[in-house]
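Structure first, commentary second.
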Amino acid sequence: MPPSPEPAARPTLSRFAIGLVVDRWDWHARGLARAFAALGADTFPIDLPACGFDTQSASGLAIPHRGQLPDAVLVRTMSGGTFEAVTMRLGFLHALRDLGVLVWNDARAIERCVDKSMTSFLLARAGIPTPPTWTTESLETARDIVRREAEHGPLVLKPLFGSQGRGLRLIHDAGQLPEPAAVAGAYYLQRFVGIEREGFRDFRLLVSQGRVIAAMARHAPTWITNVKRGGKPMAAVVDAALRDLAIAASVTLGTAFAGVDIIYGPDGRPTVLEVNSMPAWAGAQKVTAASIAAALAADLVAALEARAARRAPP
C-alpha cells in the first residue's frame, strides 16, 4: 500500500489571504490553490523579483497589486539570481516574518537548507547521521582532502547551491576536481555512501509540522536517483527509524515542511543526505494515495487558526 498522510485536525473554516511564492503557476501551485480554497482561504501568486522595500508604505514593503499584507506566505519556489538579488529576496521574506506574517518556510530555514554546507554542519552538530562532508574555496585544499579521503572510497562533489541532481560528480582522485570557476568558487565534498544493488535506491520523505505526510523510494540505474534525472518513484514502507530521522532533520533545520533525502549506507543504517526547504512532490504524489497539497494546506491553515485563537481576547 502506498503511504498516506495521517489526517490533520480539520481547522475551523475562515477566510485567509495566502501568498504563494512561485516562479510560475504550475501543477504544484494549482494544487495548493485548490487545497486552500477547499479550506476557505484565498491564494494569490507572489513573484519575489517583482517585490521590494518601500519605506514610505504602511508596511515598508511593496507587493504588486496588493494593498495589504497576506496572513501567510508559502514559499514553493525561489528562482536564482545574483548575490544581491537573492539577498534582497531573502531579506523580503525576513521582513514579512518580522511584520507578523506566517512564512513557510521562513528565510532562515531556507538559508540553512539551500546552503548545503550549513545543512551538513547543523545535522552533524545535532548528532543526526549524515555522510562526512568537507567544504573549501581552495582547489589545493580540495585536492588534499581528496588525496586523504579517497582511499576510503569516492567523494561526491556537489554544487553548494543546487537541486534536482544537477552538477553532481563522483570524485575518485584529485585530478578529477574541476577549476574553481566550474564550482562557483566553492568545493562541497561528501563521502559517497551509495550501494549498487541492481541499481541504486534512496528515500524522499516529506515532513510537515513534525509528521511524515508522504514518502517514496527512488530507484535508478545510476547513483543519481533524482526523479528529474530519471529516477523512478516507488511506494515506500516507512519504518520508525526512517520516520524519526526525517522528522529530526526537519526540526534541526527549522523547517515547517521539508523534503528529507535518506539513504541506507554500507553499514546498513539510514543517513540523511540533504534537507530541501522547497521540495517538489510530483513524484511522491504518484505513489501516495492522499493529496500532499491538501495536507500542506491543512497544516498551514491550522497554524493560522491556532495563532488567531492565541491572539483572541479572553
Side-chain angles (χ1 to χ4, degrees), residues 80 111-205 217-232 241-242 245-246 248-249 252-253 258-277:
E111 289 164 352
R112 289 171 166 178
C113 294
V114 169
D115 178 357
K116 292 185 178 66
S117 61
M118 180 55 68
T119 301
S120 295
F121 166 76
L122 292 172
L123 292 174
R125 190 181 184 197
I128 294 174
T130 192
T133 300
W134 302 265
T135 66
T136 180
E137 294 184 34
S138 165
L139 174 57
E140 284 308 311
T141 301
R143 286 172 174 167
D144 289 340
I145 292 168
V146 173
R147 293 186 189 105
R148 183 185 71 234
E149 298 297 332
E151 64 181 65
H152 306 296
L155 305 178
V156 180
L157 176 66
K158 300 181 180 182
L160 194 63
F161 306 132
S163 62
Q164 300 180 343
R166 291 187 289 262
L168 301 182
R169 305 188 191 198
L170 204 56
I171 304 297
H172 295 85
D173 62 70
Q176 293 178 304
L177 289 171
E179 292 297 318
V183 293
Y187 293 90
Y188 175 97
L189 294 158
Q190 188 176 72
R191 171 75 62 212
F192 177 68
V193 293
I195 302 174
E196 203 285 325
R197 294 187 181 129
E198 297 181 352
F200 292 84
R201 181 174 301 177
D202 63 8
F203 298 85
R204 162 66 65 89
L205 280 70
R218 301 181 296 192
H219 187 267
T222 68
W223 61 277
I224 300 176
T225 60
N226 301 73
V227 173
K228 286 287 188 179
R229 288 292 185 261
K232 180 182 178 181
L242 279 180
L245 190 58
T252 297
L253 273 294
V260 183
D261 294 343
I262 299 176
I263 192 170
Y264 281 93
D267 60 1
R269 298 178 181 178
T271 184
V272 177
L273 294 174
E274 294 183 12
V275 180
N276 192 324
S277 63

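- By the side chain to side chain contact (heavy atoms under 4.5 Å, CB included) test, A124 pairs with T130, sequence neighbours left out.
- Under a 3.5 Å cut-off, the side chain of T119 and the backbone N or O of R112 do form a donor-acceptor pair.
- Scanning both residues, R147 and E151, for their nearest heavy atoms gives O-OE1, 4.5 Å.
- Y187 places none of its side-chain heavy atoms less than 4.5 Å from the side chain of S138.
- Between D144 atom CG and T136 atom OG1 the span is 9.0 Å, to the nearest 0.5 Å.
- Note that CG of L177 and OG1 of T141 are 11.0 Å apart. Values are rounded to the nearest 0.5 Å.
- Proximity of I195 to I263: side-chain heavy atoms (C-beta onward) are nowhere separated by under 4.5 Å.
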Can L273 and V193 be said to form a side chain to side chain contact (heavy atoms under 4.5 Å, CB included), step by step?
-> CA-CA 9 Å; L273 294 174; V193 293; 4.2 Å; yes
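- The nearest pair of heavy atoms linking L170 to Q176 is O-OE1, 3.9 Å.
- At a threshold of 4.5 Å between non-hydrogen side-chain atoms, the residues P132 and H152 do not count as touching.
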Show your reasoning for whether side chain to side chain contact (heavy atoms under 4.5 Å, CB included) applies to L253 and L123.
-> CA-CA 8 Å; L253 273 294; L123 292 174; 3.7 Å; yes
Test side chain to side chain contact (heavy atoms under 4.5 Å, CB included) applied to W134 and V146, step by step | CA-CA 10 Å; W134 302 265; V146 173; over 6 Å; no
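- Summarising the geometry, atom CG belonging to L155 is positioned 11.0 Å from atom CZ belonging to F192; distances are rounded to the nearest 0.5 Å.
- Residue V260 comes nearest to A246 through the heavy atom pair CG2-O, 3.7 Å, listed as atom of the first residue, atom of the second, then distance.
- With sequence neighbours left out, the side chain to side chain contact (heavy atoms under 4.5 Å, CB included) criterion links S120 to T133, Y188, Q190.
- Contact between A220 and G231 at its shortest, heavy atoms only, is CB-CA, 4.0 Å.
- Taking all atoms of both residues into account, the shortest heavy-atom contact from P178 to L157 is CD-CD2, 3.5 Å.
- Separating the NZ atom in K116 from the CG atom in N276 is a distance of 8.5 Å, to the nearest 0.5 Å.
- Contact annotation: the side chain of V156 never approaches that of P131 to less than 4.5 Å [non-hydrogen atoms, C-beta and beyond].
- If you take CG on L242 and CG on L205, they are separated by 6.0 Å, rounding to the nearest 0.5 Å.
- One distance of note links OG1 of T271 with CZ of R191; it measures 12.0 Å at 0.5 Å rounding.
- Note on residues 262-271: no pairs pass salt bridge (Lys or Arg N to Asp or Glu O under 4.0 Å), not counting sequence neighbours.
- Contact between P270 and P129 at its shortest, heavy atoms only, is O-CB, 3.7 Å.
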From CA spacing to verdict: side chain to side chain contact (heavy atoms under 4.5 Å, CB included), R218, R204 = CA-CA 7 Å; R218 301 181 296 192; R204 162 66 65 89; 3.9 Å; yes
